[in-house]
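Have a look at the structure below before the remarks.
Every number for a ligand or one of its atoms is a count from 1 in the order of the listing. Just so it is clear, the structure is predicted and the values come from calculations on it, not from any experiment.
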Amino acid sequence: MDLVPPPEHSPTRAELEVTTLGPRAYGSPLAGLLAGRRTTEHYVAEDDRVLLDDTVSALAAHEGLADLPSFEPGGPRRRLFFDPRTVRAGIVTCGGLCPGLNDVIRALTLELTTHYGVRRVLGFRDGFRGLVPRYGLSPVALTLESVSGIGESGGSVLGSSRGEQDPEEVVDTLQRWGIDVLFVVGGDGSMRGALRIAECARSRGAAIAVVGVPKTIDNDIPFIEQSFGFQSAYAAAAEAIRAAHVEARSAPAGVGLVKLMGRHSGFIACYAALAHRGADVVLIPEVPFALDGEGGLLDHLHRRVRDQGHAVVVVAEGAGQEYLPASRQRDASGNAKLGDVGVLLRDRIQESFARKGEELNLRYIDPSYAIRSVPANAYDSVYCMRLAHTAVHAAMAGRTAIVVGRWRGRFVHVPIPLAVSARNTVAPDGDLWLAVLEATGQPPRLGPPLLEPLPAQWNTPAVRTA
Ligand SMILES: Nc1ncnc2c1ncn2[C@@H]1O[C@H](COP(=O)(O)OP(=O)(O)O)[C@@H](O)[C@H]1O
Ligand SMILES: O=P(O)(O)OC[C@H]1O[C@](O)(COP(=O)(O)O)[C@@H](O)[C@@H]1O
Ligand SMILES: [Mg+2]
């Protein structure tokens, strides 16, 4: 068995340790449910840990048990840092919309009020702006009544925004409202913001727990299996591919072209294409492709249309940026503004078929925001609830500067510095991309053959016997 060295970014045991606010002096109202529980395949005891690696070769690469990288498990603790009778909680949703935001808000509120007996839950509006006085956004009380049924609609009842805010001002507001626990529902940027808030609170000696619930349709947060809302988003994206496929198949020389969100990661494009199985080519930021020339995208598309009469191309919005003018534009949070690769491909495909005098009926579909404004599907609704429960258990136990996630089926606590240390992207040598190549039949490389063909004279027998 080849020992596979842990990937260079494999975190150390120390990087997986979570920050806690102090001793847990209070009994949990859930303690009765936990009596006698121990680790099984269905449950992880609170003093156990969850392994990061799950292959024999990866585990064998470590010195011994103590050296194995592992996460602190999520789940209710018998003892709490906060007194549930006095603790006050805040919830904020930040960054781009994502299916399930309202499910998380609802589940956080219900778990806090119903199971921990927390009497005060405040919702801060329009992302971190709601925590900065100059925006004049007063918080709203979140109660069983006010969150009832909010999961039926997409978006966030609290609103969201982008744009960095001063953590000092945010902590001032938290202290002014007497907030002990802040739940930040957001993506990579929000987690960076959450970390700065946690660090600012700690520098003031303020015992405030900041716990992240990782959100993004991009699925670009590492060390969690999938971000909530990702499945609902790619299900909506698959509908756009279905439409493109129907259109392309119903017209002579029909080509359906679909551009999907996902920023610098191609997960939505991959999973949506696998879900619908109608795509002939998937283009993602992680796998470069040649546009022109032998074996390039356009060459492949001409052949595919000629052979089967139609074709469907799915392009992730972050792909092909090298063919677009470099833009230094950034959004309010500093995220790079992407060039529109969908329009580029639409125009280049039309030009190529016109230049060759070949018929083309091109249908371009950019579902854009439609894939992230949908309500959560059943899977994500459940996932949102379970992430929210895990976040409440962690916060009440005094964990801070962590995001909650699920790793190989187990709910775990991921230190925020680790969660923002890298971007989760599609591995070109991974099984997901292999599945896409198998489903589409596209060549592993869209471009000129890597090796020039052998010169003809090399195929003489004299050489072949060598
Ligand atoms: N590097 C950063 N440091 C501190 N706060 C940040 C940082 N990046 C983003 N934020 C905060 O997180 C919020 C959301 O970030 P953004 O990148 O827009 O979305 P997402 O968190 O969904 O990826 C922003 O409103 C901003 O207040
Ligand atoms: O909402 P905006 O500013 O138009 O940004 C669009 C971007 O937001 C996303 O939908 C999700 O981004 P975040 O969840 O990380 O905020 C990306 O897929 C997309 O590129
Ligand atoms: Mg983001």
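Ring to ring, Phe353 and His302 are close: their centroids are under 6.0 angstrom apart.
For ligand 1, the polar-atom distance check finds no N/O of Gly186 at less than 3.5 Å from any of the ligand's N/O atoms. For Met191, no nitrogen or oxygen atom sits less than 3.5 Å from a nitrogen or oxygen atom of ligand 1, counting backbone and side chain alike. Where the criterion is an N or O separation shorter than 3.5 Å, residue side chain and backbone included, Phe128 fails it with respect to ligand 1. Taking distance alone, with nitrogen or oxygen atoms compared against 3.5 Å, Asp188 approaches ligand 1 more closely than that limit.
In this pair, Tyr234 and Tyr271 present their aromatic rings tilted. The plane angle is within the 30 to 60° band.
Short contacts between ligand 2 and Tyr369, defined as distances under 4.0 Å to a heavy atom of the residue, involve ligand atoms 1 (O), 2 (P), 4 (O). Taking every non-hydrogen atom of Gln165 and a distance limit under 4.0 Å, the qualifying atoms of ligand 1 come out as 27 (O).
With respect to atom 4 (C) of ligand 1, the closest heavy atom belonging to the protein is Arg196 NH1, 3.1 Å. Of all protein heavy atoms, the one lying nearest to atom 6 (C) of ligand 1 is Gly189 O, 3.4 Å.
The pair Arg162-Asp331 meets the salt-bridge criterion, with a side-chain N (NZ, NE, NH1 or NH2) lying under 4.0 Å from an Asp/Glu carboxylate O. The existence of a salt bridge linking Glu168 and Arg204 is confirmed by a sub-4.0 Å separation between a basic side-chain nitrogen and an acidic carboxylate oxygen.
Using 4.0 Å as the threshold, Gly187 has no heavy atom nearer than that to any atom of ligand 2.
Contacts between Asn335 and ligand 1 below 4.0 angstrom, taking non-hydrogen atoms only, involve the side chain exclusively. Only the side chain of Asp218 comes within contact range of ligand 2, with a heavy atom under 4.0 Å; no backbone atom does.
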